[in-house]
Number of protein chains: 2
Amino acid sequence: MATATPATPDQDLTALLRAANLRVTSQRLIIHRVMRDLDRHVTAEEVAKRAARRLPGLSLPTVYSTLELLEGLGLLRRVPLATGAVLWDPRLTEHHHAACRECGRLIDLDVPVDTAPGLRAARARGFEPDGAEMVVLGRCAECSRSAKTA
Amino acid sequence: MATATPATPDQDLTALLRAANLRVTSQRLIIHRVMRDLDRHVTAEEVAKRAARRLPGLSLPTVYSTLELLEGLGLLRRVPLATGAVLWDPRLTEHHHAACRECGRLIDLDVPVDTAPGLRAARARGFEPDGAEMVVLGRCAECSRSAKTA
DNA sequence: CTTTTTGCAAATGATTTGCATTAAC
DNA sequence: GTTAATGCAAATCATTTGCAAAAAG
């Protein structure tokens, strides 16, 4: 029987881990909680710094593997930047990004985009798509401002 | 007066370099030529390997800086993968990609996507967009096949 | 008690940097 | 001749790996 009570993030994660026969550790709970609290894209390093505040001794390798684990559980999304850097995004609702070519800044775009043609084209090529993201490239407000000044 | 003769890639690059007060070197010409000949996204390493065949002694740092230079001139596009890797794409016409989460494979999608809403939203946030790309994420044909077998 | 997960330290691998030399102009 | 571009070797930096110790179940 399904529970009708809305689950907390911790309960969600616990349930997913159990279902996958994985162990519920404080590291996993804390890292997940940090991401949920931040509610914006961050680097692995920033996650490590914040999570270590709540769990001293937490190691970087654990942060990396946990982020990947949470991605696999569908609780996070990995966002590759044009600079080659990688960010982690706890927002699960489909949204898109604008990335600054100059400083790498990434902002959320909460605008609907018709991804259907892309998904269709991918399927036609044998792909099994599970999502599509648009990245708008250009110069952010700050960088265009300093470009004008310079 | 504008020339009516269609320019070769070499002439294009030469003109752009001159206009920017940059020097026309054999390294730049060869790397550009390699990209034009390949006409598909490749890693910097692959560019280096192929270009070195035509220009022995060509160094990796030169390849990296030249790829960035060509990007700045608008002759190439940098494509960050979900794996964090970076590819370089000589195709200048707007197109989109499908990226395999498992093996990293990237395929071109030649399908029109309405990027206008994204561009508009970015402008509303102070961005000066110069393009938008959609990335479809999922599993490529090969990887879904082996997943079924496994 | 058994197996997974963690932390540590070291390894990796792509990309970048500093600097002397070479090539463009 | 002057200045920019290259090659080389070394540095960097995020990420990954191997393995013994600790924690989960």
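Side-chain atoms are counted along with the backbone in the values below, which use heavy atoms only and exclude waters and symmetry mates. Below, chains carry the letters A, B, ... as their sequence lines are ordered, and counting in each starts from 1.
Applying the 4.0 Å criterion to OP1 and OP2 of D:dT6, one finds that B:Arg28 has a side-chain N or O inside that range. Phosphate contact (OP1/OP2 of D:dA23, side-chain N/O of A:Gln27, threshold under 4.0 Å): absent. B:Tyr64 has a side-chain polar atom (N or O) that falls below the 4.0 Å cut-off from OP1 or OP2 of C:dT15. Proximity of A:Thr25 to the phosphate of C:dT6: a side-chain N or O atom is located under 4.0 Å from OP1 or OP2. Side-chain N/O atoms of A:Thr62 include one lying less than 4.0 angstrom from OP1 or OP2 on C:dG7.
Of the candidates C:dA14, C:dC25, C:dG7, C:dG7 carries the atom nearest the A:Leu58 side chain, counting heavy atoms from C-beta on. Comparing D:dT15, C:dT15, C:dT5 by their nearest atom to the side chain of A:Leu22 picks out C:dT5.
Rounded to whole angstrom, the span from the CD atom of B:Glu68 across to the P atom of C:dT17 amounts to 9 Å. Atom CG of A:Leu60 and atom P of C:dT6 are 13 Å apart (whole Å). Distance, B:Leu69 CG to C:dA24 P: 16 Å, rounded to whole Å. Spacing between atom CD of B:Glu71 and atom P of C:dT15 amounts to 13 Å, rounded to whole angstrom units. Straight-line distance from the CD1 atom of A:Ile30 to the P atom of C:dT5: 18 Å, rounded to whole Å. D:dA14 atom P lies 11 Å from atom NZ of A:Lys49, rounded to whole Å.
Under a cut-off of 6.0 angstrom, the local environment of CZ in B:Arg33 is sparse, with at most 12 non-hydrogen atoms contributed by other residues, nucleotides or ligands.
Taking CE from B:Met35 and CZ from B:Arg40, the interatomic distance works out to 9.0 Å, rounded to the nearest 0.5 Å.
The backbone N or O of A:Asp10 sits nowhere less than 3.5 Å from a side-chain atom of A:Arg36 that would complete a donor-acceptor pair. For the pair A:Asp108 (side chain) and A:Asp110 (backbone), a donor-acceptor distance under 3.5 Å is absent.
For A:Arg23 against C:dT3, a side-chain-to-base donor-acceptor contact under 3.5 Å is present.
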